[in-house]
Enquirer: 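There's a structure below that I have some questions on.
The figures here come from the full heavy-atom set of this structure, side chains too, leaving out hydrogens, waters and symmetry mates. Order of the sequence lines sets the chain letters (A, B, ...), proteins ahead of strands, with each chain counted from 1.
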Number of protein chains: 2
Amino acid sequence: MADTPDSSRRTLETVSRACDIIKALEQLNGAGVTELANHLDLSKSSTHSYLATLQEKQLVVKNGNTYSLSLEFLYLGKTVRYQHILFQHGKDQTEELAEETGEFAHLMCEQHGLERNIYKVMGPNAIGNEYHTSKEQNPDYLHFTSAGKAVLAHLPEERLHEIVNRQGLISKTPNTITDIDTLNAELATIREQGYAVNDEEEIRGIRAVGAPICSPEGMVLGAVSVSGPTSRLSGEFYAETVPEKVVESANIIEANINMSTKKSQF
Amino acid sequence: MADTPDSSRRTLETVSRACDIIKALEQLNGAGVTELANHLDLSKSSTHSYLATLQEKQLVVKNGNTYSLSLEFLYLGKTVRYQHILFQHGKDQTEELAEETGEFAHLMCEQHGLERNIYKVMGPNAIGNEYHTSKEQNPDYLHFTSAGKAVLAHLPEERLHEIVNRQGLISKTPNTITDIDTLNAELATIREQGYAVNDEEEIRGIRAVGAPICSPEGMVLGAVSVSGPTSRLSGEFYAETVPEKVVESANIIEANINMSTKKSQF
DNA sequence: CATAATTGTTCCTATTTCGAGAACGGTGTC
DNA sequence: GACACCGTTCTCGAAATAGGAACAATTATG
C-alpha cells in the first residue's frame with residue numbers, strides 16, 4: 001500500500017497483511033475487529049476474514065469479541081529455540097557462564113540485522129527481573145551490545161554494510177558508537193582481541209563482554225555475553241577474568257557444534 | 001482440509017496456506033523451497049512467494065537455501081504468555097505450589113478444545129527434564145488431565161459437547177475415560193468436590209490433581225494442577241494435602257484476578 | 001424501557017492478486 | 001566438462017480477495 005518501492009513484487013500481500021495482523025494483535029494485546037481494522041486501515045469485512053482464518057488455524061483465539069494470539073505461539077517459540085543449533089550446544093555452557101561470573105549470561109544470534117536473544121540466564125549476583133518469565137524487550141541493534149559487536153566483527157564486510165545501512169547507528173547513550181569509521185576501528189580491535197566489550201553503550205551503568213561463536217566453516221553463528229553493573233564489572237574482573245571466561249565459553253560451544261556436525265549437511 | 005464441514009467458508013486460503021507453511025517449517029525444523037513445496041503440494045514458485053513474504057516480515061530466516069522460523073516466534077510466545085491474565089496473576093502462586101508440594105505445578109487454559117500450558121514449574125522433588133527449556137510437547141486433550149477435567153467440569157454444557165464431539169475421547173492408558181457418560185459422572189463429582197484428579201489416565205505412573213480458576217463472572221479461565229509419580233502422590237498426601245493446596249492456589253489466583261479487575265483496568 | 005449507537009458477521013461483485021509451468025542462473029556432482 | 005538439482009524470476013489466465021452495504025446482536029443512553 002504505502003512503501004515497497006525498492007523490493008521486487010515477489011511477495012504476497014495477503015500473507016503480508018496476515019503478518020501485520022499478528023503483530024498488531026501482539027502489540028494491542030488482543031483487539032476487536034473494528035479496532036484492528038482502523039489500526040491497519042482495512043475494511044471490517046476483510047479484517048474479519050483474516051481473523052477467522054487465523055482462528056481456524058489456531059493461531060488466534062476469540063474471547064467474547066476480542067481476538068488475541070493463541071498460546072500456540074508459546075509452543076512455536078519454544079520449538080524454535082529448542083531447534084536452534086546454538087541453544088542445543090550452548091545452553092549448558094551459558095548456564096555455567098552465568099554461574100561462574102555471577103552475572104547475566106546471554107546467548108544470541110543475528111537475524112534480519114538485529115540481535116535476537118536465544119537464552120538468558122541469571123547468575124547468582126544478577127540484578128533485575130527474572131528475564132525468562134518477564135516481558136521480552138524488543139530486539140536490540142547490534143552496534144551497541146557486546147555480543148552484537150562480536151557478531152558484526154565477524155560478518156562478511158558486505159553484510160556488515162548492508163546491516164548498518166539498513167538499521168543505522170542509533171544512539172542510546174553518550175557512549176554509543178554512532179560513526180561508521182569508529183565502528184570499523186572497534187570491530188578491528190574486536191577481531192584482534194577475540195572479544196567485544198560494551199561500556200555503557202546501551203544502558204548507563206551496564207557493561208558487558210561478548211565473544212563470537214563460529215561454525216566449523218568459519219561463519220559467525222552468534223555470540224555469548226555477560227552483562228552486569230559497572231560497580232561489579234570493573235578492574236581486573238572486567239578487563240581479564242570475564243573476557244577469559246566468555247571467550248572460553250564461546251570456544252567450548254564451538255567445539256560442541258564441531259563435534260555434532262559429523263553428519264552430512266543435507 | 002478435510003474436517004471442517006460445519007464452519008462457514010469465510011476464510012482466506014492464502015492465509016491458511018501461510019499458516020500451514022509456518023507449521024511445516026516448525027515440524028521439519030526448516031526446509032528448502034522444493035522440499036516444502038512437495039510436502040504441502042504446492043508449486044515451487046508459490047512456495048517461494050510465501051517464504052519470501054514471511055522472510056520480509058521477519059517471521060522466517062533464510063540460511064543458505066534453508067528457510068526456518070525466526071526467533072520472532074520466541075518473542076511473540078513470551079509476550080503472549082506475559083499478557084495472559086492467568087500468567088500475570090497466577091505465576092507466583094504456581095511457583096509457590098511447586099515449592100510447597102515439591103512436585104511439578106502447571107498453569108493452563110483451554111484453547112480450541114485442547115489444553116495449553118501457560119507455565120510449568122518444577123518443584124524440588126520433581127523428576128524429569130527441565131520443562132521450560134526442553135522441547136514442548138504437543139497440546140494435550142482435556143479429558144485425561146486433571147486440569148483439563150477441572151476446566152471441562154465448569155464449561156457451559158454446550159461447549160463441553162462441542163469439544164468432546166470435535167476431539168473425541170482418545171485413550172492413552174487403560175485408565176483414560178473414553179465414555180461420555182463416565183465423563184459426565186466424573187465431571188459432576190469434580191464440580192461437587194471442587195477439584196479433579198488424574199489417576200494414571202494420561203501416563204502410567206503419573207498422578208495429578210487440578211483445580212479450576214474462574215473469573216469474577218463465573219466463567220472458567222483455566223486451572224492449576226500438581227503432578228508427580230504415584231509413588232509420591234499417594235495416601236493422605238494425594239487424597240487430602242495436595243487437593244487442599246491446589247484448591248487454595250486456585251482460590252488465591254481467583255482473588256488476585258478479582259482484585260485487579262476492581263481497580264481501573266490498565 | 002425504548003431508542004440509538006456499536007460491534008461482529010454475512011453477502012455480493014468487480015478487481016486484484018495469486019498460482020502454475022517454464023525458463024534462467026547458480027552450485028555441486030559425477 | 002556435462003548433468004542434475006535447487007532457488008529464483010517471469011508471464012498470464014484463473015481464482016481469490018477487498019470493500020461496501022445490509023443484518024444481527026449486544027451495549028449504551030436518554
Enquirer: Closest to the B:Val33 side chain: D:dT8, D:dT17, C:dA20?
Expert: D:dT8
Enquirer: Using a 4.0 Å heavy-atom cut-off across all strands, classify B:Ser43 as base, sugar-phosphate, or nothing.
Expert: base
Enquirer: Calculate the interatomic distance between A:Leu42 atom CG and C:dT17 atom P; express it in whole Å.
Expert: 13 Å
Enquirer: Between C:dT7, D:dC6, D:dA18, spot the one nearest the side chain of A:Arg17, thanks.
Expert: D:dA18
Enquirer: Can you tell me how far the OG atom of B:Ser46 sits from the CG atom of B:Leu40, to the nearest 0.5 Å?
Expert: 11.0 Å
Enquirer: For B:Glu254, which residues count as a salt bridge (charged side-chain N to carboxylate O under 4.0 Å, His left out) partner, sequence neighbours excluded?
Expert: none
Enquirer: Do the non-hydrogen side-chain atoms of A:Pro216 and A:Ile257 ever get within less than 4.5 Å of each other?
Expert: yes
Enquirer: Please output the side-chain donor-acceptor pairs of residues 188-195 of chain B that fall under 3.5 Å, not counting sequence neighbours, one pair per line with the distance.
Expert:
{"residue": "B:Thr189", "atom": "OG1", "partner": "B:Ala185", "partner atom": "O", "Å": "3.1"}
{"residue": "B:Arg191", "atom": "NH1", "partner": "B:Ala153", "partner atom": "O", "Å": "2.7"}
{"residue": "B:Gln193", "atom": "NE2", "partner": "B:Tyr195", "partner atom": "O", "Å": "3.1"}

Enquirer: Rounding to 10°, can you tell me the angle the first-five-pair axis of the helix from C:dC1-D:dG30 to C:dC30-D:dG1 makes with its last-five-pair axis?
Expert: 40°
Enquirer: Roughly how far apart are B:Leu107 CG and B:Leu86 CG, rounded to 0.5 Å?
Expert: 5.5 Å
Enquirer: For residues 58-72 of chain B, pull every pair meeting side chain to side chain donor-acceptor pair (under 3.5 Å), keeping only residues two or more places apart or in separate chains.
Expert: A:Arg116-B:Glu72
Enquirer: Is there a side-chain contact between B:Thr34 and the phosphate of D:dC5, meaning an N or O under 4.0 Å from OP1 or OP2?
Expert: no
Enquirer: What is the distance from CG of B:Leu12 to P of D:dT17, rounded to the nearest Å?
Expert: 5 Å
Enquirer: Determine whether any donor atom in the side chain of A:Lys44 lies under 3.5 Å from an acceptor atom in the base of C:dG8, or the reverse, and answer yes or no.
Expert: yes
Enquirer: If I compare all heavy atoms of A:Ser249 with all of A:Gln93, which pair ends up nearest, and what's the gap?
Expert: OG-NE2, 3.1 Å
Enquirer: If I take atom NZ in residue A:Lys62 and atom P in nucleotide C:dG8, what distance separates them, rounded to the nearest angstrom?
Expert: 9 Å
Enquirer: Identify which nucleotide among C:dT10, D:dG7, C:dA20 has an atom closest to any side-chain atom of B:Arg10, counting heavy atoms from C-beta outward.
Expert: C:dT10
Enquirer: Specify the separation, in whole Å, of atom CG of B:Leu36 and atom P of D:dT8.
Expert: 12 Å
Enquirer: Are the side chain of B:Gln111 and the backbone of A:Leu71 linked by a donor-acceptor contact shorter than 3.5 Å?
Expert: yes
Enquirer: Scan residues 141-153 of chain B for pairs that pass side chain to side chain donor-acceptor pair (under 3.5 Å), counting only residues two or more places apart or in two chains.
Expert: B:Glu115-B:Thr145, B:Lys149-B:Glu186, B:Lys149-B:Glu201
Enquirer: Rounded off to whole Å, could you give me the CG-to-P distance for the A:Asn63 and C:dG8 pair?
Expert: 14 Å
Enquirer: Heavy atom of residues 45-52 of chain A under 4.0 Å from DNA chain C: which residues?
Expert: A:Ser45, A:His48
